[in-house]
Amino acid sequence: MTDYDAIDFFRDPSLIEDPYPYFDFLREQCPVRREQHHDVVMVTGYREAVAVYHDVETFSSCNAVTGPFPGFPVPLEGDDVSELIEQHRDELPMSDQLPTMDPPKHKAHRGLLMRLITPKRLKENETFMWELADRQIDEFHARGEVELVKEFAGPFTLLVIADLLGVPEEDRPRFLEELQGSGRGRHSSAVGATDKDRMQHSPLEWLYDEFSAYVEDRRRQPRNDVLTGLATATFPDGSLPEVIDVVRVAANLFAAGQETTVRLLAAAFQLIAEDLDLQQLLRDERDRIPNFIEEVLRYEGPVKGDFRLSRVPAAVGGVDIPTGTTVMVVNGAANRDPRQFESPGEFRVDRENAREHLTFGHGIHFCPGAPLARAEGRVAIERLLERMRDIRISEAHHGPAGARRYEHAPTYVLRGLNRLHLEFEPS
């Protein structure tokens, strides 16, 4: 029997491949339970997770991305540490990104983002997705094999967001090189890493520079293009944001949306390639694909959890949480809470309440890019299934059935495959 209390979830690599037995252990002990190594309260129950997400007066999002590392920069003492949080929040990594903002600032910046990803713009973007999916598949189609993450999902999701934000066609190869080529390690964030040398205050400087130039140019010389719409978008109160505020919103779409959707597609095709009946069902009945995506998000979501910091004493699920406590809302565990999902360890393509998953969060921080991610998933899955028959896992790279070898993202926040090698028959 595994002694889960002895395992450090945040540092022990033994939980990277399969964290779900550990999550089940925590939930069975108590849906709100303090782990033994870094004094983090782990919320693994569905109802309890929703309660934390909705209580923005009690729980600050200032540490939403980083959690216990590096931790809050000063001791949090007293019955109410809200003032201390405001004084020092900018010292935390990624404090300029939307997920770490609290009201009222969060409302204004989220409102700005929603003015950029309107239903009309998303519909235009989806038209581009269909064309892009075919172009990406053309790159490897004749070979009958593909490494899905690097050769399809990565460039597909990056270019979808580039199109959504209006990055000029001639600049997109440079974005691919900087964000996914040899420059990727320099500019990607180390979310969920515990190595302080890799945790930068603002790991998106390159994107900031690029979009600052775009916004400043379009404000000087407006054109009839999407970047001009980006540059001239206003806060909900009608005021014009500072250039950096617009740039942060754009960078957040790249940082959050691309990474997670890549892992969604990898998880989806790992399941598809392992189950030929499921594969054929989705080909024959395409209307099942949207619910299939929701079940993938529930069953193998790309984000293990988010963090919060308690401003005042609180109680969640009958458990007292002192002021200044780091709380991890474990989406991956809540999505497998048997009180919410029947037989949660089973993948069911027709699960009726699959869409109730918490992979996109809940409450005011519900992922604003969820419609984009769902559309990307639907378009990519439909096109790949249409143009690839008999999709299967490459045994040369991942081993035979029953003894597969996969490499997962080595972080305590993200969940997903770094590589997925597939073989198929071109159609």
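Heavy-atom basis, side chains included; hydrogens, waters and symmetry copies ignored.
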Would you confirm whether [X], through its side chain, and [Y], through its main-chain N or O, come within 3.5 Å as a donor-acceptor pair?
X      : Y      : value
Asn353 : Phe341 : no
Arg283 : Leu385 : yes
Arg348 : Glu295 : no
His365 : Met101 : yes
Gln97  : Pro99  : no
His141 : Arg387 : yes
Thr228 : Arg223 : yes
Ser310 : Thr325 : yes
Gln279 : Ile391 : yes
Thr44  : Ala333 : no

Checklist entry - Quick check: are there more than 12 heavy atoms from other residues, nucleotides or ligands sitting under 6.0 Å from CD of Glu395? => result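 Count over threshold, so yes.
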
Item to check | Any Val247 side-chain heavy atom under 4.5 Å of Tyr214 side chain | outcome: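 No. Closest side-chain heavy atoms not under 4.5 Å.
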
Compare every heavy atom of [Y] with every heavy atom of [X], then report the nearest pair and how far apart it is.
X      : Y      : value
Ser60  : Arg89  : OG-NH2, 3.8 Å
Arg110 : Pro368 : NH1-CD, 3.5 Å
Ile381 : Ile272 : CG2-CD1, 4.3 Å

Short N-O contact, [X] and [Y], less than 4.0 angstrom:
X      : Y      : result
Arg121 : Asp163 : yes
Arg263 : Glu259 : yes
Asp5   : Arg33  : yes
Asp275 : Arg392 : no
Arg383 : Asp134 : yes
Arg143 : Glu151 : yes

Next on the checklist: Can you tell me which residue among Phe9, Phe10, Phe307 is in a ring pair (Phe, Tyr, Trp, His ring centres under 6.0 Å) with His38?
Outcome noted: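 Running ring pair (Phe, Tyr, Trp, His ring centres under 6.0 Å) over Phe9, Phe10, Phe307 with His38 returns exactly one hit, Phe10.
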
Item to check | Partner of Tyr4 by ring pair (Phe, Tyr, Trp, His ring centres under 6.0 Å), out of Phe23, Phe25, Tyr20 | outcome: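 Output: one option passes, namely Phe25.
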
Checklist entry - Under the 6.0 Å and 45° cation-pi test, does Arg336 pair with Tyr299? => result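 The answer is yes; both the distance and angle limits are met.
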
Item to check | Arg172 to Phe128 six-membered ring, cation-pi geometry met (6.0 Å, 45°) | outcome: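 Verdict for Phe128: a cation-pi partner in Arg172.
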
Next on the checklist: Please report whether the ring centroid of Phe175 lies less than 6.0 Å from that of Trp206.
Outcome noted: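 Ring centres of Phe175 and Trp206 closer than 6.0 Å.
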
